[in-house]
Structure formats: structure tokens, C-alpha cells
Amino acid sequence: MEKTVTQKNLHWQRCLFWPGVRDWLIQRTTAVILALYTILIFLFFITHSHVTFEAWRAFWHHPFVQIMTFLSVMSIAFHTWIGFWTIFEDYVKPIFLKFALEVGVFILIVWYSIWTFQILWSSS
Amino acid sequence: MRDPRPIYINLFAFRFPITAMVSGMHRISGAFLFVLILPALILLEKSLSGESAFLEIQAGFQHFLIRMMVWAALLPVLYHFIAGIRHMLMDMHIGESREGGEQGAKLVLGSFAVTAILLGIWIW
């Protein structure tokens with residue numbers, strides 16, 4: 001009886017919340033968001049052969065751009081975390097060094113995210 | 001019983017076929033993108049702080065050397081973008097075989113070279 005319940009749970013967890021599947025899914029979702037965001041920024045520069053300050057300011061304060069920026073900041077945070085975790089896990093052997101690098105990346109991700117929000121939302 | 005967690009990889013013990021090169025460069029370019037966040041945020045903050053600062057940055061971008069630096073900084077963006085698309089195509093079982101993987105890797109390097117040159121011409 002108990003075994004059946006465990007297997008059922010396992011089956012469910014393997015769908016989305018199993019760490020490997022979860023990271024894989026997050027990495028792909030964030031990748032698509034960041035690819036779209038890259039195209040959005042590229043389109044701005046393609047359509048503005050000469051960028052004025054007004055156009056630049058208007059672009060970053062446009063609601064759609066702000067939503068995309070918000071999604072992209074979150075995406076970069078998760079995408080970077082999973083990416084570096086994989087790299088450190090594969091190539092860095094000493095456990096203390098690995099831990100220090102992961103903490104360093106974590107602090108930078110949080111710092112950059114808050115800083116971006118300050119730049120775009122504190123003085124608009 | 002063997003520990004099922006990912007093992008530490010000694011990079012000096014391998015030969016690198018083209019597929020491994022393309023995949024490794026995806027990791028390297030990704031790590032480099034993280035380094036780019038700091039200068040990008042500094043520029044974004046300054047450019048939105050006022051019109052004089054914006055014009056100062058714009059004047060800076062007129063210099064040929066600065067333009068080439070911008071181009072060089074955008075290369076990992078471009079590479080990570082293209083190699084990422086290959087990654088997701090392979091998730092959909094496209095180009096997953098040994099031959100398909102090699103062809104995909106060649107396609108990534110080829111399209112990267114072409115778009116890198118086009119990007120250089122556009123910036124210049």
C-alpha cells in the first residue's frame with residue numbers, strides 16, 4: 001500500500017518539481033523570455049538610426065518594455081543561477097571553493113536585480 | 001553503490017570534437033554575459049540620469065575603437081543566442097543524432113560567423 005503511494009508521489013514530482021526537471025524547465029522558459037527581450041532591444045536600435053534622449057527615455061518607460069524588463073531581470077537571475085551552478089558542479093572540485101563561488105554569484109545576482117529595479121523604477 | 005550525483009570533470013583529460021567545442025563555448029559565452037551585466041548597468045544608469053550624460057555616452061560611441069569594443073562585447077550575446085536555439089531544437093529531438101549534432105554544431109559556427117560580420121558592419 002505505502003509503496004504505491006510513494007510511487008504515485010514520485011511520478012508526480014518527476015513531472016515538474018523534481019530538481020533536474022525543474023531546472024531544465026526554468027532554464028528553457030527563461031531562455032525564451034531573454035531571447036525575446038534581446039530581439040526587442042535589437043529592434044529599438046534597428047528602428048532608431050539616431051537615438052535621441054527622449055526616445056531612449058520613452059523606450060525604457062514604455063509599459064510593455066517595463067513588463068519585459070521585469071520578466072527579463074527575473075529570468076536572468078534564475079538562468080544565471082542554474083547556469084553557474086552547472087558550471088561549478090562540473091569543473092570545480094574543492095567544496096569550499098564551489099560554495100564560495102556560488103555565494104558570490106548569488107550576491108551579484110541579487111545586487112544587479114535590485115540595482116536594475118532602482119534604475120528603472122525609482123526615478124521615473 | 002556508486003554515487004549517482006554528477007562527477008567532477010577534468011577538462012585536461014579530453015579531446016574536443018566540434019560538438020564539445022560548441023557546447024563549451026556556450027558555457028564560456030554565458031559566463032562572459034554575466035560579466036557584461038555590470039558595465040551594461042553602469043551605462044544604462046548614466047544614460048538615463050540626464051540628457052548631458054546621455055550625449056556624453058553617445059559621443060563616446062562615435063569613436064571607432066569604442067564601437068569595436070561594443071561589437072566584441074555583443075559577440076558572446078550573439079553566440080549564446082544561436083547556440084541556445086540549437087539547444088532547444090535538440091530538446092525537440094532535432095539534430096540529436098551523432099551526425100545531426102555535428103551538422104548542428106557546424107551550422108551554429110557558420111551562422112555565428114555570418115551574423116557576427118553583419119553585426120560588425122551594422123555597428124561600424
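Here is the naming used below: chain letters follow the sequence lines, and residue numbers restart at 1 for every chain.
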>> Could you walk me through whether A/Trp85 and A/Trp81 satisfy the ring pair (Phe, Tyr, Trp, His ring centres under 6.0 Å) test, starting with their C-alpha distance in whole Å, then the side-chain angles of each, then the deciding distance to 0.1 Å, before giving a yes or no?
In response: CA-CA 6 Å; A/Trp85 182 86; A/Trp81 174 252; 8.3 Å; no
>> What part of A/Tyr112 gets within 4.5 angstrom of chain B, counting heavy atoms only: side chain, backbone, both, or neither?
In response: both
> Is a donor on one side and an acceptor on the other found under 3.5 Å between the side chain of B/Ser23 and the backbone of B/Thr19?
Replying inline: no
>> If we define contacts as heavy-atom pairs under 4.5 Å, which of B/Trp122, B/Phe54, B/Phe81 has the most with chain A?
In response: B/Phe54
> Side chain, backbone, both or neither: which part of A/Leu34 has a heavy atom under 4.5 Å from chain B?
Replying inline: neither
>> Can you tell me which portion of B/Leu55 sits under 4.5 Å from chain A's heavy atoms? Options are side chain, backbone, both or neither.
In response: neither
> Non-hydrogen atoms of chain B under 4.5 Å away: do they reach the side chain of A/Glu54, the backbone, both or neither?
Replying inline: side chain
> Where does B/Ile28 contact chain A at under 4.5 Å (heavy atoms): side chain, backbone, both or neither?
Replying inline: neither
> Hey, mind stepping through A/Tyr91 and B/Arg27 against side chain to side chain contact (heavy atoms under 4.5 Å, CB included) and telling me if it holds?
Replying inline: CA-CA 12 Å; A/Tyr91 309 124; B/Arg27 289 183 167 198; 2.8 Å; yes
> So, do A/Trp60 and A/Trp56 have ring centers that fall under 6.0 Å from each other?
Replying inline: yes
>> Under a 4.5 Å cutoff for heavy-atom pairs, which residue among A/Val51, A/Thr38, A/Ile109 has the most contacts with chain B?
In response: A/Val51
Using distance only, find each side-chain donor-acceptor pair of residues 106-113 of chain B under 3.5 Å and give its atom names and separation, not counting sequence neighbours.
unit_1	atom_1	unit_2	atom_2	d
B/Ser111	OG	B/Leu107	O	2.6
B/Ser111	OG	B/Val108	O	3.3

>> Tell me whether B/Glu56 is salt-bridged to B/Lys46, with the criterion being a basic N under 4.0 Å from an acidic carboxylate O.
In response: yes
